[in-house]
Each structure stands twice: as structure tokens, then as C-alpha cells.
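See below for the structure under consideration.
First the proteins, then the strands, lettered A, B, ... as listed; each starts at 1.
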2 protein chains.
Amino acid sequence: MGFKKRRVKLEDIARKLNVSIATVSRALDKNPRVKQSTREKVLETAKMMGYMPNQIAKSLSSGKTNIIGVLIPRYDEPFFIEVCRGIDQYARNHNYKILISSSRNSYEFEKENLISFERGLVDGIILSPTHETKNVEHLNDLISKGMPMVLFDNIREEVSGADHVKIDDEKSSFAAVEFLIKKGKKKIAFIGGIKQKKVFQDRYKGYIAALTKYNIPVYEELVLHCNSLHREFEDKEILDFFNHLSHTPDAVFACTDNYGLLTMKTLLKTGKKIPQEVAVIGFGDLGLGEIFVPALTCISQPSFEMGQKAAKLLINQLNESDDVDHKKRIIQLDTKLIEREST
Amino acid sequence: MGFKKRRVKLEDIARKLNVSIATVSRALDKNPRVKQSTREKVLETAKMMGYMPNQIAKSLSSGKTNIIGVLIPRYDEPFFIEVCRGIDQYARNHNYKILISSSRNSYEFEKENLISFERGLVDGIILSPTHETKNVEHLNDLISKGMPMVLFDNIREEVSGADHVKIDDEKSSFAAVEFLIKKGKKKIAFIGGIKQKKVFQDRYKGYIAALTKYNIPVYEELVLHCNSLHREFEDKEILDFFNHLSHTPDAVFACTDNYGLLTMKTLLKTGKKIPQEVAVIGFGDLGLGEIFVPALTCISQPSFEMGQKAAKLLINQLNESDDVDHKKRIIQLDTKLIEREST
DNA sequence: AAAAATAATACAAACGTTTGTATTATTGTT
DNA sequence: AACAATAATACAAACGTTTGTATTATTTTT
């Protein structure tokens, strides 16, 4: 029959055993207030009748959904997926599920998604704000309403009620560029991402700092702040950049692995030898770099771990007592340089 | 203050305006049973008081959560992420959210996740069963309990109450191999995936069919059914395979883009020229193949669209009346061969 | 064997909505 | 002005749990 069956509920078990709903509920909870023999009868009957607790009713009653909302700027970037995996792993081990949404790099969608989270479906939020997010009032509002929050990636330190998970972008990028310099490179190009993102600002700072330290002039021409928000355009933007250079660089520091790969592709197409003529270093370390020929040297960022830590911070907040002020925590994770064939 | 604020609810608005909760509820719903002027007062007060509807209470009352559960075998495969994107897009446009879980290629985890979905958090399920899933009783059970379900990727046609979204794997793979044959290739290797998966079985069939049609002998040695469930091992398995070949093939048909890339990497390392000495063709088309040098020719599979269609089928089921038997629907999407540099 | 202590269970309110039915207020008809 | 028709609103049950308090049953103490 195609008829949707009525679910069995506590009441059904209670009626069959001639006990109260409360007793059934407590028996299933292993609450010591119910007699051993009663508990056994309840458990057995529940199993026999195919009882499944109703999560929604539980949530309404308890005020907890055990769901964590995760908001990322885009799905098609392995970094974010990897962070989500980390969040998911930690969350599941602590009896939480995750609900992932994408803000599609738009401030408006970000707000929209947060509003939907605010409707009580999630107990807390892990968020990477979009580059468009200048104003963080919507975040502070939500936090002041009691919504626990953790920020990662494009963090905004002015959001005072949230915890943060980050890496030291400037230092990492400094290390990458210094590494190139120590290989004797002098004309090092910089391929950055959207300028409004703090991570890319910081990586640029690190680049400048390294050049400055070693007294290498900064050629504006060698710097690209890649603006594309979608895969399809990044390719073209990078191709154009290299096509219009007058000095060819002897090394490239790319702010993401993907930029690094696109750079190598472009260079290989124009017959350059990597790493002999041009060395390339990326940022991220997400598997693709390893497959490419030549394999991409990069700054390895612990994406999975970032997710785990973010989940940990959030779940800690969820377990804090409500009437005590939350003190902001910032976790900074280490990166490391992984040398492969492209340098 | 760090105190978690009490949320404002319908009752608060009702009390402030001296009307009943029912009226407030209906006013916010734009139900014509409430007077225009009352509606306006309610809307205004709700806004003023910062009212946010409680999704959980709504769900309990209405019996719908407007959440779709999505269960995929693994996160770290762009194909699945792309399908999820498609699901997400269609779902959002129809006022549904998606809750993604991974079965981590394990039948036990699959069952566990489905049980958790069964607790009433989701209105329906979109699922790619794991290769371990021999027995589909757990799926039929769930369906017979009234849970709408759509299968994709590793579909199991014997699950009679679910809709299916698929491509014609055998035909597509036949086309790929035929393409290689028409390029004059005679020794075509096959890199497949886990044998238990129907998609890989079908792709193997297509390979054999094409060779047979053109009277090309099948060398067992040239066939690899890649068994690795994790990124790290696939690499090695493919490397080993090519290292132990006595005949070197003049072409390779790889059942996923990733296998195709790993194949190219391995061949390039051993000094082979692609496509001159060995042509390579992949399956999937997820962006990486385009970046690689040489760019990977492949069978392009409409992953995003598969997600959209799956969501569409599911939401259609959700809108069907419960007391009518669901008739199974199968949607088959077209693939196409995209020629790039590797052939 | 009665009183006290404790164990086991039942009752009922609460969580925040929706929605069918009952009630009251307003309008229209004659 | 009385009555019907209709519009607007209120009441209350329902969704399926949890949990504090009240009640009943059993055991212990004397």
C-alpha cells in the first residue's frame, strides 16, 4: 500500500503497556526512576513496534536541535569542502549534525541565510564571511541575541562575540616568498585573490615584507589581484596577466593552489620550463597540486583541522552556561611549506 | 549582557495587541480571514519586537521540516559536491534546505545515517548507495514507511519505490572507447573503479562492447579495477599498474577524471608523450581535467543537472498526495564527449 | 501492624506553532 | 428595527516530546 503510515509514538507504547507516557519517555532515557523490569518491557515493546523518536518534538521540548549551521562563500572550492569535512567529523563525534549553506559570495545571501538559521533550526553557526561583508552588524546582532558563532577564513576580528580560527597568512606568505628568494629568484610575481578579503591582504603584506627585507624592488606589473568569483573567469584573468607582462618573472607566488595551477598551465603553454625558468608556489594544499605535473610546491594549510577546531570552539560555546559572558577565543594554526617539483 | 534573550513569540505579539495567538498567526500568514487593519498592526508590531518564527515549532505542527536529506559516499569527490550543488540550487528555489551526510563508503554508516534521517528531521532523501550496499532492504523499509526517496549515481533498480537519476554508463563508455579506436588505437587500457559499483560495471561493459565490435582482442593485463577508497591510495595503485605492464597501451580509458589525471601523471613521469604515444580519456568533467597540461579529453557527465533533477523528482514526490501509490520514475541524462588535448 | 521512608509511577504543563470550530461583531436586507 | 448573512476574531486541540510535582505502591523501621 502506498499509504503513509502513522509513526508510532510514545503514547502508543504507553497505551499498549498500560503505563504513562512519562514512564515510557524515562525508560527509553535509561532514567533510574523507572523500575528495571518496566524499562525492559518498554525497550522490548518499542523495538517490536518499530518506535523512532521524533527529533523535531525533542528539539521543541528541549530547545536544542543539535544542528550546527555552516555558511561558506562557495561550494566549488575544495578548501571550504575540506573545512566542512573537519567540522562534520568533530560535530558527529559530539552528536551534532551540520547544515551547510552557501552565500555565493554575496552579502545579501549571507544575511538571508543567517536569518534562516535564526529561525531556530541551528544551535550555533560557523561562518566564513563573504568579501562583500563590510558591515558586520548582522553578525553582532545575531550574537547579541544569543547565537553562538565561530568565524574562520575571512575572519573579522571586530566581531567581538565570536571565536576565530585562523592561520598567520602574512607570516606564511612571507615564508613562501623568502623560500623563492633563497632559491635565487629576483623577479617574483604575486597572484592574489579578491582584495577585500583579509586573507589575501595579509598574503600580499607578507609578499611585500619579504621583498623588502631582501631589498628586492616591487614591480607593480608583477602583481595581480585576481577578481573573478567563478572558476570560468579565473582562467582567463591569469592568462591575460601573463600575456601582457613585459618582464617575465622567474618565480610566481600564487595565493591559492588553484591560482598556482592555472599559472603553471599558462606558463607551460607558452613553453616555459618549470621550475628551471620559472618557479611556482601555491597556497592551500588540497590534493590537486600533487597530481599536476610538475607537482606544485605550496604552503600547506590545515583545512580539515581548521574545521575540527571551529566545531570544537562552537560546541564548547554551546556547553557554556548561558548567563556567563563569553570570552572570545582565537585559535591560530600552523602552516608549513611543502616542497615539490615546481620550485 | 551575555544573557541569552528570550525569543519573542506569537503570544508576545498577541498580548501586546490584545488579540489571540491564532489571529497573529493568521495575520503573518496573510490569511484573508484577518482584517486588513489588524494585519497591518500585527506586521508592524512583529517587526518592532523583532519576531522570528520558530521553525521547529512550525515543523512539529505542520509535519514538514522542509529539509531534504542528502547522503553521499564521500565528500572528497568533486562529482558528489557538484551533485549537491545542483540539489541545493533546485531545493532552495523551492523553499527546501539540504542536510548533507557522508556514508564514508560504508554500509553501516549508510544505515546509521538513514536511521538518523528517519527521526523526522527530513521530509525526503536523495541517496547514492555505497558499493558495500548489497542488501537494499533498509531502503525498501524506509520507503514503505512513507519516506520519499531518490537514488542517483550507484543506483539500484530493484529499489522499486524510489525514483532514479542516471546516465547511460555503458553507452557513454562505448562512445569513449570507440572514439579511441577511430583514432587508430589498438591497445586500449581500462582503468575502472570499485567493481561492486554498477556505474563501473557498466562502463566496463561499454569498453568490452566497443572492443568486441571492432574485433580488438581484450588483454586482461590492460584492465585495472581500482579498489582504493581513499585519495592517497589511488595514486599508488595506478602507478603500480603501469609499472607492471609488459605491453604498453597506446590509449587509456579511465572511468573517472581523477583516474585519468593520475594516469597522465604516471605516464608523463615515465617520459611518455600524451597524446602522441598514449591517448587518455576520462569520465566526469569537473574542471580539473581542463587545468591539467595536457587538458583531459573526457566524457562529460551533467553532475549539477543530476542534482537538480534528483531534487525535482523528490520535491514532486513530496507534493504528491499520500494516499496514491507512487509510480517509479527514471530520468536518464545525456553525456557528451569533450575533446581536449589528451587524445 | 502502623508509621515513615523510599521507590515507582501518573499527571499535567510546557515547548511555539497551526487550524478546525465556536463565538462575537459588523454589515446588509427588508 | 429585527434578522440573516457574513466578516472578524477567540478558543482549544493537536503535533510528540520532556520534566517538575503529585500520587500511589512498596519496602523499611519500630
**Item:** Selection from dG20(C), dA14(C), dA22(D) that lies nearest to any side-chain heavy atom of R26(B)
**Value:** dG20(C)
**Request:** Ignoring the backbone of K9(A), work out which of dA12(D), dA10(C), dC15(D) is nearest its side chain.
**Result:**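 Output: dC15(D).
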Roughly, in whole Å, what's the span from [atom1] in [X] to [atom2] in [N]?
{"X": "E11(A)", "N": "dC11(C)", "atom1": "CD", "atom2": "P", "answer": "13 Å"}
{"X": "K30(A)", "N": "dT18(D)", "atom1": "NZ", "atom2": "P", "answer": "13 Å"}
{"X": "L10(A)", "N": "dT9(C)", "atom1": "CG", "atom2": "P", "answer": "16 Å"}
{"X": "R33(A)", "N": "dA25(D)", "atom1": "CZ", "atom2": "C1'", "answer": "15 Å"}
{"X": "L60(B)", "N": "dA14(D)", "atom1": "CG", "atom2": "C1'", "answer": "9 Å"}
{"X": "D12(A)", "N": "dT17(D)", "atom1": "CG", "atom2": "C1'", "answer": "13 Å"}
{"X": "N31(A)", "N": "dT18(D)", "atom1": "CG", "atom2": "C1'", "answer": "11 Å"}
{"X": "L17(B)", "N": "dA8(D)", "atom1": "CG", "atom2": "P", "answer": "17 Å"}

**Request:** Using a cut-off of strictly less than 4.0 Å, decide whether T23(A) has a side-chain nitrogen or oxygen near OP1 or OP2 of dA10(C).
**Result:**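 For T23(A), the contact criterion (side-chain N or O under 4.0 Å from OP1 or OP2 of dA10(C)) is met.
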**Request:** Please determine if a side-chain N or O atom of S61(B) lies less than 4.0 Å away from the OP1 or OP2 oxygen of dC15(D).
**Result:**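 So the side-chain polar atoms of S61(B) never come under 4.0 Å of the phosphate oxygens OP1 or OP2 of dC15(D).
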**Asked** Side-chain donor-acceptor pair under 3.5 Å between H164(B) and Q332(B), yes or no?
**Response** no
**Request:** Verify whether one side chain among T65(A) and D123(A) offers a donor that lies under 3.5 Å from an acceptor in the other.
**Result:**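 Side-chain D/A pair, T65(A) to D123(A): present.
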Distance-only, no hydrogens or angles: does the [X] side chain make a donor-acceptor pair with backbone N or O of [Y] under 3.5 Å?
{"X": "S59(A)", "Y": "K64(A)", "value": "yes"}
{"X": "S62(B)", "Y": "K58(B)", "value": "yes"}
{"X": "D163(B)", "Y": "L314(B)", "value": "no"}

**Asked** Side chain of R7(B), base of dT17(C): donor and acceptor closer than 3.5 Å?
**Response** no
**Request:** Can you check whether any acceptor in the base of dT17(D) is under 3.5 Å from a donor in the side chain of R119(B), or vice versa?
**Result:**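 Looking at the base of dT17(D), it does not pair with any donor or acceptor on the side chain of R119(B) (distance under 3.5 Å).
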**Asked** Is there a residue in residues 34-59 of chain A whose heavy atoms reach under 4.0 Å of DNA chain D, and which residues are they?
**Response**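 Within this stretch, Y51(A), M52(A), P53(A), N54(A), A57(A), K58(A) sit under 4.0 Å of the strand.
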**Near-ring test H131(B)/Y107(B), centroid separation under 6.0 angstrom** = no
**Item:** K166(B) atom NZ, neighbour heavy-atom count above 12 within 6.0 Å
**Value:**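 Check passes, neighbour count above 12.
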**Message:** Applying a 4.0 Å non-hydrogen cut-off, can you work out what N18(B) is touching in the nucleic acid: base, sugar-phosphate, or nothing?
**Reply:** sugar-phosphate
**Nearest-nucleotide 5' precedence on DNA chain D, S62(B) against S25(A)** =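 Final value for this comparison: S62(B).
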**Request:** Mark yes or no: R85(A) above the aromatic ring of Y75(B), with NZ or CZ under 6.0 Å from the six-membered ring centre and no more than 45 degrees from the axis.
**Result:**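 R85(A) over Y75(B) ring: no.
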**Asked** Got a salt bridge between K145(A) and D141(A), using NZ or NE/NH1/NH2 to carboxylate O under 4.0 Å?
**Response** no
**Electrostatic pair D12(B):R6(B) at N-O distance under 4.0 angstrom** =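 Yes.
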**Prompt:** Taking five pairs at each end of the helix from dA1(C)-dT30(D) to dT30(C)-dA1(D), what angle separates the two helix axes (nearest 10°)?
**Reply:**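 Both end axes considered, the difference amounts to 50°.
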